[in-house]
Amino acid sequence: MSPIDREVLVRRHTVRVTEIDPRSPLQVGNGEIGMSVDVTGLQTFPELYPVVDPAGGPAGTLLGTQSQWGWHSTPPPPGLDPDTALGAARRPYRTPRGDVPYVDAQPLAGSDDSALDDATLWLRANPHRLDLARMGLLVPDGGSYRAPSSADLGQTRQSLDLWSGTITSDVVLAGRRLQVTTACHPERDVLAVRVVGRGSPDGSVPDDGAVPDDDAVPDDGAVPDRGAVPDDGVGLAVRLTFPYGSQSWSNAADWLSPDAHTTEVHARPHGARVLRRFDGAGEATYRVDVSVGPGTHVEQTGAHEVTVTSDGPVLDLVVGLAPTTSDGTSDGSAVGTVVGTGDGTADGTATHGPTTVDDVLTATAAHWPAFWRSGAALDLSGSTDPRAHELERRAVLSQYLTAIQCAGSLPPQETGLVGNSWRGRFHLEMHWWHAAHFPLWGRPELLERSMGWYERILPAAQATARLQGYAGARWPKQVGPDGRESPSDIGPFLLWQQPHVIHLAELLRRAGDPADVVARLGGLVEETARFMADVAEPTPDGYALGPPLIPAQESYASMRDRVVNPPFELAYWSWALGVAQRWRVQGGGEPEPLWDAVGRGMVRPLVREGVLAAIGVEPFTIRTDHPSMVYGLGVVPATDLMDPAVVRATLASVLDDWDWPSTWGWDYPALAMTAARLGDPALAVDLLLRDETKNLHLPNGHNRQTDHLPVYLPGNGGLLAALALMAGGWDDDGGRSAPGFPDDGTWVVRHEGFVPAP
């Protein structure tokens, strides 16, 4: 079979936009920084892309500019010491070995935690991710400029060219036609924007405000030729504004606290340097380096506002963002650009020399084809099943979205670098769903970037285990960069994030140099396994899990003090401890007897009337949320604990009467993996594409859940993990090519580069 033409594969899924879809903005990014844009190619109309606040507060926006390093904490309420408050949140829970403290909280009303006490709410909301800057077009207004209204917006054509990683937007705004090119440097935290005023050939604006068909956004996504731009005699302007940090779920930007932060603008060659300080701090938290082209000017026009204007028909703007050290320079974790005014007034030198829009576009034009040519590819174009094109579209767009949202130096938040769900804090039980696909698709380096964070918080995870009386490291659930657990009636009681570290490490071992990966990550695997073996309690029926415990199916939060032995967790414990033992031996250590005893001796899951119970005590199974009892054979490879016949019967019962609106985006790929390992590929495809509200993938590729969770990247990453299993196979798949797809002639699955799953 000939190699897949990857450029053709990717380009047939170029995203094209002809009107505002308030749910589906486009993004550029590099894993460390991301920017969402509206139909103007910038963030001109944030109010038209709302995110509902589950607490009933003001709506936020999907148009954010966020990074892995940009975090903020508001000052705690008077008299609140965070360490003391965290200690006060710990409550004892009875276990077979005695009382164990957990960071607890009163029950929540869904995602609305506004009723919690001030101390608990502050601990949950801080630190939170910062919206670093908002960039929007301005329109001429006499001798000045103003922000446009939605009434100023005419016809639009926009494309996201996945092959080059650039967004090109043709838009009529206030009767004037503009073309905007937007890109993000693939290796530096630098955003580039080119705005071109494009009149008709005689310099006039078309009477009806329409975008002429003969000069629309190129189908191939090519960068516009600025040499052919007619001068319509009117300048261009872009405004940058800077908010305070927000504790809101729906918004990472607080525009109502102008006195709580400062925006200090310094003239520099080629633009300006902006230093951002918060809460009276003497040191800047981050800097914004604004670099502009000839004939373009940078001026501070408000306390937290900078306006960039161009005298001619082209405005080139490069914005570099970086955290700062005490002297206001980059600390090395992100790289900015040259900054200053266009008149060449100097105030220092830049670290990296001038960066232009063309520099960024050249870098993206080299990076993204290399990305698409690396790793795996899946081509379904020869299939006759009418769903094949949509499945291929989801696969291509999910690769792009996870590369720019989930491949940074921290585990991702569920809304990536778009929103502020859970205040930008990330959930470790979701890390697998965001990033396990990277090594399976032959791009292990994209997962490697975030694994170092576990090393950094290892002492804190070990301290948690010691405090609770256990060996090893207990990984938290809902956290920020510091690794501090958030008070909750759910998160601290989950266990299924613990084996993820072993699973992710094993995927990296399979995709890379095994000896090297074991040498580098063996310590994490060791400490994870030590806790897992110790937290399992010996009983006459085998080693048990809980209480207290909440399984992946979180429907049992109110009875966390008595839940035991969910099937998924039992199987995951058994498999992961076996992997850890193999790692220990491969690393030169002696086998750990307790790991074998626990891994091979877990309590068998409870089976009632031929199907798996979700937990080992009454009410046994609540039929809402994740049907995770079948994931012990699917997400988890086969173990002796999961009888395939019982799992098959359980899956059938789930399909019969589960409450599907209460499921989540990653459930559909998880169910597909179970069906695939059970040898039912037709059902695997049906489940992966099941028509449910939370299995929707928008025109931009994002997996939407609800109005307050409009982006859900675990659904995208889960889709890719399932496709890797279904196309690339697994260790005991019988050797058939693409074993997770039907072999009935309706699916022609061309694939290359996948790493077989365990």
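What you see below is based on every heavy atom in this structure, not just the backbone, and it leaves out hydrogens, waters and symmetry mates.
At least one donor-acceptor pair closer than 3.5 Å links the side chain of T674 to the backbone N or O of V630. Counting only distance, with no hydrogens or angles, the side chain of R124 and the backbone of S486 share no donor-acceptor pair below 3.5 Å. The backbone N or O of D104 sits less than 3.5 Å from a side-chain atom of R91, completing a donor-acceptor pair. At least one donor-acceptor pair under 3.5 Å links the side chain of N695 to the backbone N or O of L688. No donor-acceptor pair under 3.5 Å is formed between the side chain of S398 and the backbone N or O of A395. Between the side chain of Q405 and the backbone N or O of L417 there is at least one donor-acceptor pair closer than 3.5 Å. In this structure a side-chain-to-backbone donor-acceptor pair under 3.5 Å is missing from R510 to L507. Looking only at distances, a side-chain donor or acceptor of N703 sits under 3.5 Å from a matching main-chain atom of K694. Without hydrogens or angle criteria, S574 side chain to L570 main chain gives no donor-acceptor distance under 3.5 Å. At distances below 3.5 Å, not a single donor-acceptor pair connects side-chain atoms of E429 with backbone N or O atoms of K477.
Side chain to side chain, E506 and W583 meet the donor-acceptor criterion of an N or O pair below 3.5 Å. A side-chain N or O of T415 and one of S421 form a donor-acceptor pair less than 3.5 Å apart. For the residue pair R560/Y93, the side-chain donor-acceptor check at 3.5 Å is satisfied. Residues W432 and H503 have side chains that bring a donor and an acceptor to within less than 3.5 angstrom of each other.
Taking CG from L671 and CH2 from W658, the interatomic distance works out to 9.5 Å, rounded to the nearest 0.5 Å. Separating the OG atom in S628 from the CD atom in E569 is a distance of 6.0 Å, to the nearest 0.5 Å. With rounding to the nearest 0.5 Å, the separation of CG in L683 from CG in L655 is 6.0 Å. Atoms CG and CD1, on D659 and I622 in that order, are 11.5 Å from each other to the nearest 0.5 Å. A distance of 10.0 Å separates CG of L720 from CG of L440, quoted to the nearest 0.5 Å. With values rounded to the nearest 0.5 angstrom, L713 atom CG is found 5.5 Å from H702 atom NE2.
When side chains are defined from C-beta on, N716 counts as touching H697, because their heavy atoms get closer than 4.5 Å. Between M430 and Y712 there is a side-chain heavy-atom pair separated by less than 4.5 Å. Counting heavy atoms from C-beta outward, M532 and V501 have side chains that stay 4.5 Å or more apart. Side chains of R423 and P127 form no contact here, defined as non-hydrogen atoms less than 4.5 Å apart. The shortest distance between side-chain heavy atoms of Y454 and L521 does not fall below 4.5 Å. Looking at W573 and L495, their side chains come closer than 4.5 Å, going by heavy atoms from C-beta outward. Contact annotation: the side chain of L410 approaches that of P481 to within less than 4.5 Å [non-hydrogen atoms, C-beta and beyond]. Counting heavy atoms from C-beta outward, D83 and R484 have side chains that stay 4.5 Å or more apart.
Around the CZ atom of R449, the shell of radius 6.0 Å holds more than 12 heavy atoms that belong to other residues, nucleotides or ligands. Atom CG of D731 is surrounded by more than 12 heavy atoms from other residues, nucleotides or ligands within 6.0 Å. Around atom CG of D640, no more than 12 heavy atoms belonging to other residues, nucleotides or ligands sit under 6.0 Å away.
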- Task: Please report the C-alpha distance between H427 and E414 in whole Å, then the side-chain angles of each, then the deciding distance to 0.1 Å, and finally whether the side-chain hydrogen bond (donor to acceptor under 3.5 Å, both in side chains) criterion is met.
- Result: CA-CA 7 Å; H427 295 169; E414 295 186 20; 2.6 Å; yes
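Contact check on D686 versus R387 returns a salt bridge, with a Lys/Arg side-chain nitrogen under 4.0 Å from an Asp/Glu carboxylate oxygen. Taking 4.0 Å as the cut-off between side-chain N and carboxylate O, D534 and R530 do not count as a salt-bridged pair.
Centroid-to-centroid, the aromatic rings of W453 and F426 come within less than 6.0 Å. Annotation: W496 is not in aromatic contact with Y631 [ring centroid separation under 6.0 Å not met]. Outside the 6.0 Å centre-distance limit, the rings of F741 and H751 are not counted as a close aromatic pair.
Both tests pass for R608 against the ring of F620: distance under 6.0 Å to the centre and angle within 45° of the axis.
The ring pair (Phe, Tyr, Trp, His ring centres under 6.0 Å) analysis of residues 519-548, with sequence neighbours excluded, yields the pairs Y470-F531.
Scanning all heavy atoms of the two residues, the minimum distance from M642 to V647 falls at CE-CG2, 3.8 Å.
When the options W666, Y668, F568 are evaluated for a ring-ring contact (aromatic ring centres under 6.0 Å, His included) with H626, the one that passes is W666.
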